[in-house]
Amino acid sequence: MARNASYLIEDPKYSFLKDLGLEKTNVGVFNGKWQANGKVIQSFSPANGKVIAEIQSASSADYESCAKAAEDAWYTWAELPAPARGEVVRQIGDALREKLQPLGQLVSLEMGKILPEAIGEVVEYIHVCDLALGLSRTLPGTMFPSERPGHVLIEKWNPLGAIGIITAFNFPVAVFGWNSAIAMVCGDVSVWKPSDTTPLISVAVTKIVESVLVKNNIPAAVASLCVGGKDIGEQLVKDSRMKLVSFTGSTAVGQQVGVEVQKRFGRHLLELGGNNAIIVNSDANLDLLLNAALFACAGTAGQRCTTTRRLLIHKKVYNEVVTKLKKAFSGVVSKIGDPLLSDTLIGPLHTPAAVEAYKKTVEEVKKQGGTIEFGGKIIERDGYFVEPTIVTGLPHDSPLVQTECFAPIVYCLEIPDLDTGIKYNNEVEQGLSSSLFTENLADIFKWIGPHGSDCGIVNINIPTNGAEVGGAFGGEKATGGGRECGSDSWKNYMRRSTVTINYSGAIKLAQNIKFGDE
């Protein structure tokens, strides 16, 4: 598109963009100052394919300036008491509340999720700020009894330093918030490399965080930003100054990230793909299941890492569930559209490449003998819209069923019993989220036990998606093993030392070892 073409930011309909401090041309690098020297990229709205605005991205030298500025800022930030850091994070939460509506609208416009979900994503960051505030006054330290008289053992936690945060397009606010808010109260600073298809969101969020840091006379490079492509990501991953790299994205790329970080003995926190399943037991409350499955399978146009990809349905209720699910899907097709409109339930896919992947998957389903029970079509209109799709007739071990297509396609599989459902649930390479619909208490405890689901998220009678911030979020196997947000996820962002203090005035070795004269 020509550089002088009309951009959406110039349309009064999208005035909320300027409320966030965005302009027609934006700087995508922040190291305490806004300055960039990389190529200019355009941000497109997936709802209409039009350019929203443009961003000057980072050069290699720009990344270097961000890393150095963040590292320098750490010396000031880490010296603040944790409760003082928590107060700053609390203020970030309040600043996000003030910009909740326009920031949610930006997420909807640039990412493509419907406005209630987009606002909910910003609320998630706010909730993590609340969580981090409490954490700042409760970060633990432990004292252990020593076997030696006049000695004490202390477990001491200290900040890691600078961390790298690489986020994906589908949760362009929340995942940064999960990492940033917790890391900040732990005493860390960050360099954020967002998806290069949601750069405006990262600029807007960073401006909000910057305003709070400046108000508190904190070096603003505590939260540095580096918009760029694969080259910037690789530079960050290989940078030994980044003590931890948190990466959210595909399993294939995440594996490469993990290997590169491990080469330099850094830490990695990987949040990768998920081929998630709901098991429908013979005694399931089907009304509850259908309400859950509609959002789980079709919500966010199938672009959550926790989206349900497989329905494992007991043979006694299989036909009924498929029939009712088709009816439920048919009720939302008329509500596919502009994600900013209040009556829209499903927005677009994020890119033309995602539409192409959806198209190829549907074609392959037909080639392999599967049946498209519902959907399977690209919607002919501006933007990147497809129909939510239900597939039957493929075996559980089909390569298609075993592969995550990041689109609203769900495979319905018949199972004879719960044990088979658990086997099918666990046989995919990923292990992110799972759910069982049942009223049977014994089956619930089997499901959450050692021979049940092998996922990091194990639900009962709720969808596979829509996690709360209080629990640790993440998965097993090819999902990466990382945990973010609640529970003890804060440990990822700190280093632990065992400290032994001798106040006895004499040296005594442990294990009653005697060495020389005493």
Side-chain angles (χ1 to χ4, degrees), residues 1 5-28 30 34 40-56 91-127 129 167 169-177 180 192 194-212 214-215 223 225 227 300-301 303 335 337-348 350-351 382-385:
M1 184 175 288
S6 177
Y7 289 2
L8 294 184
I9 196 167
E10 297 172 324
D11 187 337
K13 177 181 177 182
Y14 304 105
S15 61
F16 57 84
L17 295 170
K18 293 183 178 178
D19 294 340
L20 294 165
L22 298 175
E23 301 172 352
K24 182 178 177 182
T25 301
N26 302 273
V27 178
F30 180 71
W34 290 94
V40 174
I41 61 176
Q42 294 176 327
S43 172
F44 295 86
S45 170
N48 52 36
K50 295 180 179 179
V51 179
I52 305 169
E54 60 186 22
I55 305 92
Q56 186 162 19
Q91 292 178 34
I92 291 172
D94 284 348
L96 289 165
R97 287 180 174 92
E98 292 174 6
K99 297 292 186 180
L100 178 59
Q101 184 68 23
L103 188 54
Q105 288 172 297
L106 172 59
V107 172
S108 192
L109 178 66
E110 190 175 37
M111 183 272 151
K113 63 181 64 175
I114 62 174
L115 188 57
E117 288 188 68
I119 289 175
E121 181 177 345
V122 181
V123 168
E124 192 166 354
Y125 187 176
I126 293 168
H127 285 173
C129 288
T167 58
F169 77 88
N170 60 333
F171 277 87
V173 173
V175 174
F176 171 71
S180 175
W192 179 17
S195 168
D196 58 6
T197 60
T198 53
L200 294 173
I201 295 167
S202 65
V203 170
V205 169
T206 300
K207 285 180 178 291
I208 291 169
V209 176
E210 175 199 12
S211 69
V212 174
V214 170
K215 183 175 67 175
L225 172 69
V227 172
T300 329
Q303 297 172 111
K335 297 180 180 180
D338 185 343
L340 283 165
L341 299 180
S342 60
D343 59 348
T344 300
L345 286 181
I346 300 175
H350 187 58
T351 62
D382 289 340
Y384 317 132
F385 294 90

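Each residue takes its place number in the sequence, starting with 1. All figures in this text were calculated on a predicted structure; none of them were measured in a lab.
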Do [X] and [Y] have side chains that approach each other closer than 4.5 Å (heavy atoms only, starting at C-beta)?
X      : Y      : value
Ser45  : Lys50  : no
Pro194 : Pro199 : no
Val175 : Glu124 : no
Tyr7   : Glu23  : no
Tyr384 : His350 : no
Ile346 : Ile114 : no

For the atom pair [atom1] ([X]) and [atom2] ([Y]), what is the distance rounded to the nearest 0.5 Å?
X      : Y      : atom1 : atom2 : value
Ile119 : Gln105 : CD1   : CD    : 7.0 Å
Asp343 : Asp338 : CG    : CG    : 9.5 Å
Thr206 : Trp192 : OG1   : CH2   : 5.0 Å
Ser108 : Leu103 : OG    : CG    : 11.5 Å
Leu22  : Lys207 : CG    : NZ    : 7.0 Å

Closest approach of Ala174 to Glu121 (non-hydrogen atoms, all atoms of both residues): N-OE2, 3.0 Å
Axial cation check for Phe16 ring with Lys99, 6.0 Å and 45° limits: no
Whether Phe176 and Tyr125 hold their rings parallel, tilted or perpendicular, with breakpoints at 30° and 60°: perpendicular
